[in-house]
Amino acid sequence: VQLQAFGGGLVQTGGSLRLSCEFSARTYNSYVMGWFRQAPGKEREFVCAMAWSGGATSYTDSVKGRFTISRGSAENTVHLQMNSLRPEDTAVYYCAARYGRLLQYTKYYAYWGQGTLVTVSS
């Protein structure tokens with residue numbers, strides 16, 4: 001499985017940004033796609049995830065109601081729509097994938113894309 005994330009940039013507080021992740025796999029149905037982020041000096045943390053089959057989603061509390069993970073129109077794309085951005089959302093965002101159940105822990109994701117930097121100015 002290969003993943004590539006893109007769409008980061010600089011945005012003002014309250015603004016919006018959409019990240020995208022393209023991934024390749026033999027089959028997609030048994031995978032969970034996740035977004036994680038890592039702020040300077042902090043550990044990588046779970047943001048949200050979606051089961052490719054069935055579409056079940058999970059979000060960390062700090063982004064609920066602001067961020068939305070969704071499948072793209074292309075078969076191999078997942079998006080992260082980020083609204084009402086705050087300075088504390090500033091981080092490098094990573095897309096990741098795992099085979100099996102939807103889990104929130106970084107260590108259970110075997111496949112990672114390169115990060116894309118999101119900077120929210122105050």
Side-chain angles (χ1 to χ4, degrees):
V1 177
Q2 294 182 326
L3 304 101
Q4 183 174 3
F6 52 95
L10 175 64
V11 64
Q12 291 185 334
T13 297
S16 298
L17 206 59
R18 189 175 82 159
L19 305 183
S20 299
C21 178
E22 293 181 349
F23 67 98
S24 62
R26 291 184 181 180
T27 61
Y28 301 107
N29 284 340
S30 296
Y31 282 93
V32 170
M33 305 303 300
W35 287 97
F36 294 78
R37 64 187 180 187
Q38 187 167 17
K42 295 187 176 181
E43 293 187 354
R44 192 170 300 185
E45 65 174 0
F46 172 81
V47 176
C48 60
M50 180 181 69
W52 200 254
S53 177
T57 58
S58 177
Y59 296 87
T60 192
D61 285 346
S62 64
V63 307
K64 285 180 180 177
R66 301 189 299 123
F67 291 11
T68 303
I69 185 172
S70 64
R71 291 173 60 167
S73 57
E75 181 184 31
N76 64 336
T77 304
V78 62
H79 300 298
L80 177 62
Q81 178 66 41
M82 304 184 294
N83 299 327
S84 302
L85 283 162
R86 306 166 180 169
E88 54 264 40
D89 295 318
T90 295
V92 176
Y93 283 71
Y94 298 88
C95 63
R98 73 176 308 273
Y99 188 87
R101 293 187 298 134
L102 197 162
L103 297 174
Q104 296 187 353
Y105 303 102
T106 307
K107 65 180 180 180
Y108 292 122
Y109 285 75
Y111 308 101
W112 292 84
Q114 89 291 356
T116 185
L117 177 62
V118 172
T119 303
V120 184
S121 63
S122 57

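What's counted below: heavy atoms across the whole structure, side chains too, no hydrogens, waters or symmetry copies. Starting from 1, each residue takes its place in the sequence as its number. Bear in mind the structure is a predicted one, so any value in this text is a computation, not a measurement.
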Contact check, side chains of Arg37 and Val63, non-hydrogen atoms, under 4.5 Å: yes

Worked verdict on Tyr109 versus Phe36 for ring-ring contact (aromatic ring centres under 6.0 Å, His included): CA-CA 10 Å; Tyr109 285 75; Phe36 294 78; 4.9 Å; yes

Cys95 and Met33, any side-chain heavy atoms less than 4.5 Å apart: no

Stepwise side chain to side chain contact (heavy atoms under 4.5 Å, CB included) test for Arg66 and Asp89: CA-CA 11 Å; Arg66 301 189 299 123; Asp89 295 318; 2.8 Å; yes

Polar contact flag, side-chain donor to acceptor under 3.5 angstrom, Ser58-Gln104: yes

Exercise: identify the closest heavy-atom pair between Val92 and Gly115: CG1-CA, 3.5 Å

Set of side-chain hydrogen bond (donor to acceptor under 3.5 Å, both in side chains) partners for Asn76, sequence neighbours left out: none

Gln2, CD: over 12 other non-hydrogen atoms inside 6.0 angstrom: no

Which atom of Ser53 lies closest to which atom of Asn29, heavy atoms considered: CB-O, 3.1 Å

Note, Met82 side chain near Val118 side chain (heavy atom, < 4.5 Å): yes

Separation between CG of Leu17 and CD of Gln81, rounded to the nearest 0.5 Å: 8.0 Å

Heavy-atom pair of closest approach, residues Ser121 and Leu10: CB-CD1, 4.3 Å

Heavy-atom pair with the smallest gap, counting every atom of Thr77 and Glu22: OG1-CG, 4.0 Å

ring-ring contact (aromatic ring centres under 6.0 Å, His included) contacts touching residues 57-94 (sequence neighbours left out): none

Backbone N/O of Gly7 and side chain of Arg18: donor-acceptor pair under 3.5 Å: no

Shared hydrophobic cluster, Val32 / Val47 (ILVMFWY, side-chain heavy atoms < 4.5 Å): no

Considering all heavy atoms, the nearest Leu3-Cys21 contact: CD2-SG, 3.7 Å

Steps toward side chain to side chain contact (heavy atoms under 4.5 Å, CB included) verdict (Phe23, Tyr31): CA-CA 11 Å; Phe23 67 98; Tyr31 282 93; 5.5 Å; no

Basic-acidic side-chain contact under 4.0 Å: Lys64, Asp61: yes

Exceeds 12 heavy-atom contacts within 6.0 angstrom, atom CZ of Phe6: yes

Sidechain-backbone polar pair: Gln4 side chain, Gln114 backbone, donor-acceptor under 3.5 Å: no

same_hphob_cluster(Tyr108, Val78) at 4.5 Å side-chain heavy-atom cutoff: no

Partner of Met50 under side-chain contact (heavy atoms from CB on, under 4.5 Å), chosen from Leu80, Thr57, Leu102: Thr57

Nearest-0.5 Å distance, CZ of residue Arg86 to OG of residue Ser62: 7.5 Å

